[in-house]
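Position 1 is the first residue of the sequence, and the numbers go up from there. From a predicted model like this one, the values you see are computed outputs, not experimental measurements.
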Amino acid sequence: MDENFIIVENVIEKDLLKVIVDFTNKYSDNVFVEGIQFYKNKGTSNSFIVRFTNQPDLEIFCYLVNYIKYPEGFRRFSPFLRGYTTLDFKTEKYKPSAGSRKMVYISRDDRDYDNVNFVTDKNETYVFNFSGKTKKIEYSEISFDLKLFKETDYVLVQTISPTIIRKKENKDQKKGKRKGKDFSVMMGCLGFTVIGLFVKMNGEEEAWGGIIFFGFGFLFMLAKLIFPEKFEKPLFGNKKGNK
């Protein structure tokens, strides 16, 4: 029985996947976002479950529930979601119901956008404000409704880790910077080649050396920009195989 998971319904798969990926990047310094598991219900196209390889604390669990409800960059995104957990807050003063199972949700009356509600298996309801305050409310907006994760009902779509995404982003950024430097060198070579040609036209025979040198440099950098894959291979074979 999986004790900590989030059920999300009434959403498109690619949209929810992007929301989870964005969240893992946002909290990439927290180990719990390594290996978040994204499951799809076999019986319907708009029901999903989010599970964790590394279990979060209750505070970050609540952040994720809130982020799925109010993701950045989405104008139309209205998920129905319930988080199920036995987690509790690390700080003693935030522990209104230590050890009990909780159902985390966003109140239909929420207008603050920076808190969550949770109802315990004793049907006690609390509001957790992201400023760090937990308050018990006298009425129960909804009753505790226990759901269990049955792996046979779901298929694993993707396991998400921000380090993989970060490495790809860093690689793309490095390629972009390298292209920028190569372009600058190419334009510099072109500039010196043009200057050499003007000098040659004024009768300076010694200008040929500079023209040839910088002209070759321009052609080399131009070829590198047009055919970058050709220059990613070793010039003299696979050096790893040499001793």
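Smallest separation of non-hydrogen atoms from L17 and Q158: CD2-OE1, 3.5 Å. Between I68 and P71, the shortest heavy-atom contact is O-CD, 3.4 Å. Taking all atoms of both residues into account, the shortest heavy-atom contact from T53 to G35 is OG1-O, 2.6 Å. Taking both residues in full, the closest heavy atoms of S140 and T125 are given as OG-OG1, 3.4 Å, listed atom of the first, atom of the second, then distance. Closest heavy-atom contact between M103 and Y105: O-CD2, 3.7 Å. Minimum heavy-atom separation, Y67 to V19: CE2-O, 3.6 Å.
For the atom pair CD1 (I106) and CG (D112), the distance works out to 11.0 Å, reported to the nearest 0.5 Å. To the nearest 0.5 Å, the span separating OH on Y139 from CG on N123 amounts to 14.5 Å. To the nearest 0.5 angstrom, E151 atom CD is 10.0 Å from D153 atom CG.
Side-chain contact between E59 and L87 is absent, with no heavy-atom pair separated by less than 4.5 Å. Using a 4.5 Å cut-off on side-chain heavy atoms (C-beta onward), Y39 and V157 make no contact. In this structure, the side chains of I36 and T24 come closer than 4.5 Å at one or more pairs of heavy atoms. Taking 4.5 Å as the limit, every side-chain heavy atom of I49 sits out of range of all side-chain heavy atoms of F38. A 4.5 Å side-chain heavy-atom check between P162 and E34 finds at least one atom pair inside the cut-off. In this structure, F74 and D15 have side chains that are in contact, with non-hydrogen atoms separated by less than 4.5 Å. Side-chain contact between V33 and S161 is absent, with no heavy atoms from C-beta onward closer than 4.5 Å. Side chains of E141 and D109 form a contact here, defined as non-hydrogen atoms less than 4.5 Å apart.
For F128 and Y126, the distance between ring centers is not under 6.0 angstrom.
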Item to complete: Apply side chain to side chain donor-acceptor pair (under 3.5 Å) to R101 and Y84, showing your working.
Response: CA-CA 7 Å; R101 182 177 289 275; Y84 292 90; over 6 Å; no

Item to complete: Could you please spell out the steps behind the side-chain contact (heavy atoms from CB on, under 4.5 Å) verdict for L81 and V65?
Response: CA-CA 8 Å; L81 72 162; V65 172; 3.6 Å; yes

Worksheet entry | side-chain contact (heavy atoms from CB on, under 4.5 Å) between L64 and F52, worked out | CA-CA 12 Å; L64 178 52; F52 310 95; 3.7 Å; yes

Fill in: Pair F118-T134, side-chain contact (heavy atoms from CB on, under 4.5 Å): steps then yes or no
CA-CA 10 Å; F118 57 86; T134 303; 4.2 Å; yes

Item to complete: Take D121 and L146 through the test side-chain contact (heavy atoms from CB on, under 4.5 Å) and record every step on the way to the result.
Response: CA-CA 8 Å; D121 50 10; L146 178 62; over 6 Å; no

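Residues Y154 and L148 are members of one and the same hydrophobic cluster, defined by side-chain heavy-atom contacts under 4.5 angstrom among Ile, Leu, Val, Met, Phe, Trp and Tyr. A chain of hydrophobic side-chain contacts below 4.5 Å, direct or via other Ile, Leu, Val, Met, Phe, Trp or Tyr residues, connects F130 to I60. Each of I12 and F23 belongs to its own hydrophobic cluster when Ile, Leu, Val, Met, Phe, Trp and Tyr are linked at side-chain heavy-atom distances under 4.5 angstrom. Clustering ILVMFWY residues whenever any of their side-chain heavy atoms sit less than 4.5 angstrom apart, transitively, puts I6 in the very cluster that holds Y113. There is a path of hydrophobic side-chain contacts, each under 4.5 Å, that joins I142 to I7.
Counting only N and O atoms by type, the side chains of E3 and T86 include a donor and acceptor under 3.5 Å apart. Neither side chain, N30 nor Y63, offers a donor N or O lying under 3.5 Å from an acceptor on the other. Judged by distance alone, the side chains of T85 and N4 do bring a donor and an acceptor atom under 3.5 Å apart.
N129 meets the side-chain hydrogen bond (donor to acceptor under 3.5 Å, both in side chains) test with S131; sequence neighbours excluded. K18 is linked by a side-chain hydrogen bond (donor to acceptor under 3.5 Å, both in side chains) to D22, counting only residues two or more places apart in sequence or in another chain. Applying the side-chain hydrogen bond (donor to acceptor under 3.5 Å, both in side chains) rule to N46 yields the partners T44; only residues at least two apart in sequence or on another chain are considered.
N117 places no side-chain N or O within donor-acceptor distance of the main-chain N or O of V127, the cut-off being under 3.5 Å.
Ring-plane geometry between F5 and F149 is classed as tilted, the angle between the planes lying from 30 to 60 degrees on a 0 to 90 degree scale.
K42 NZ: more than 12 foreign heavy atoms inside a 6.0 Å radius.
Ion pairing between E9 and R82 fails under the 4.0 Å rule for side-chain N and carboxylate O. Taking the charged nitrogens against the carboxylate oxygens, D145 and K147 do have a contact shorter than 4.0 Å, which makes a salt bridge.
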